[in-house]
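Read through the structure below, which is laid out as structure tokens, and then see the notes.
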Amino acid sequence: LKQKLQDPQFVATRCDLDGSGDLDLHELKQAAWVYGIFDTTWSNCGEQDSCPYLQPMSRTQRISKENFAGIMASHLGSIKLIRNVPHSLRGMALGQLQHLETLFIRTRWLSAQCESFNVKNASAIANGKTFKQNPNLYALDAFVVTPMSKPGICEARQHDEQQTTAQARRMSSFSELANPF
């Protein structure tokens, strides 16, 4: 995957979610993030001399995959490589899911988090203002996935004493942490 992400044409194709052959503003952001370009607006830089990569772009404009690939290929050496995996390539292998099961469920860590939450929020649960937590995928998201996908310390990260899941340096998807590159 590391090798394929070096190819801007591959990235543009994976980020072209609607299969139109070009990238809208949202798709362009995803593709640019692969190369560490984190900005709020983008445009076709090939037509504007003042822009090193991409300039402001309206929500309705589109850029061809080929043009994006050409712009990125010509600037790869000067781009800060803080990589991001495109959404279409994110996922987790069965072994990684089994590791989470071993680390958080079989040790009863997730159950303890749920029990603690339920005790602290007994009144809100009784009044129907919040739901009782049980050791399921909702609790796994609330106590493991979401906290570990943010920078900083959290109880799940402290429980992962061997640091088997990479630390988030920025808001990330959990699969990015499980599959760092």
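Start at 1 with the first residue, then count along the sequence. On a predicted model such as this, the values are computed, not experimentally measured, just so you know.
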Taking all atoms of both residues into account, what is the closest heavy-atom pair of Ala12 and Phe68, and its distance?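 Here Ala12 and Phe68 meet closest at CB-CD2, 3.8 Å.
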Closest non-hydrogen atom pair between Ser149 and Ser173, with its separation: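 That closest heavy-atom pairing would be OG-C, 4.1 Å.
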All salt bridge (Lys or Arg N to Asp or Glu O under 4.0 Å) counterparts of [X], not counting sequence neighbours:
| X | answer |
| --- | --- |
| Asp160 | none |
| Glu101 | Arg106 |
| Glu115 | Arg108 |

How long is the span from the [atom1] atom in [X] to the [atom2] atom in [Y], to the nearest 0.5 Å?
| X | Y | atom1 | atom2 | value |
| --- | --- | --- | --- | --- |
| Gln133 | Leu140 | CD | CG | 10.5 Å |
| Gln9 | Thr13 | CD | OG1 | 4.5 Å |
| Thr164 | Gln96 | OG1 | CD | 10.0 Å |
| Met148 | Gln167 | CE | CD | 8.0 Å |
| Cys15 | Lys65 | SG | NZ | 10.5 Å |
| Leu28 | Asn67 | CG | CG | 10.0 Å |

Check side-chain hydrogen bond (donor to acceptor under 3.5 Å, both in side chains) between Asp18 and all other residues, then give those that pass, not counting sequence neighbours.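 Checked Asp18 against side-chain hydrogen bond (donor to acceptor under 3.5 Å, both in side chains); matches are Ser20, Arg62.
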If you draw a 6.0 Å radius around CD in Glu155, do more than 12 non-hydrogen atoms from other residues or ligands fall strictly inside?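 For Glu155, atom CD is not crowded (no more than 12 foreign heavy atoms under 6.0 Å).
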Does Gln163 CD have over 12 foreign heavy atoms under 6.0 Å away?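 Result for CD/Gln163: open.
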Given side chains that start at C-beta, do those of Leu23 and Asp16 come closer than 4.5 Å, heavy atoms only?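 With C-beta onward as the side chain, the pair touches.
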Are any non-hydrogen side-chain atoms of Leu100 and Phe174 less than 4.5 angstrom apart?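 When only atoms from C-beta onward are counted, Phe174 and Leu100 do touch, with a gap below 4.5 Å.
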Expected output: side-chain [X] to main-chain [Y] donor-acceptor under 3.5 Å:
| X | Y | result |
| --- | --- | --- |
| Glu27 | Leu17 | yes |
| Ser116 | Ala112 | no |
| Asn118 | Lys132 | no |

Does anything in residues 135-145 pair up under side chain to side chain donor-acceptor pair (under 3.5 Å), and if so which pairs, sequence neighbours excluded?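 Every side chain to side chain donor-acceptor pair (under 3.5 Å) pair that includes a residue of residues 135-145, provided the two are not neighbours, is Asp141-Thr146.
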Contact list for residues 96-133, test ring-ring contact (aromatic ring centres under 6.0 Å, His included), sequence neighbours left out: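 Sorted pair list: Phe104-Trp109, Phe104-His159, Trp109-His159.
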With the 4.5 Å side-chain cut-off for hydrophobic clustering, are Leu103 and Leu137 part of the same group?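 Both belong to a single hydrophobic cluster.
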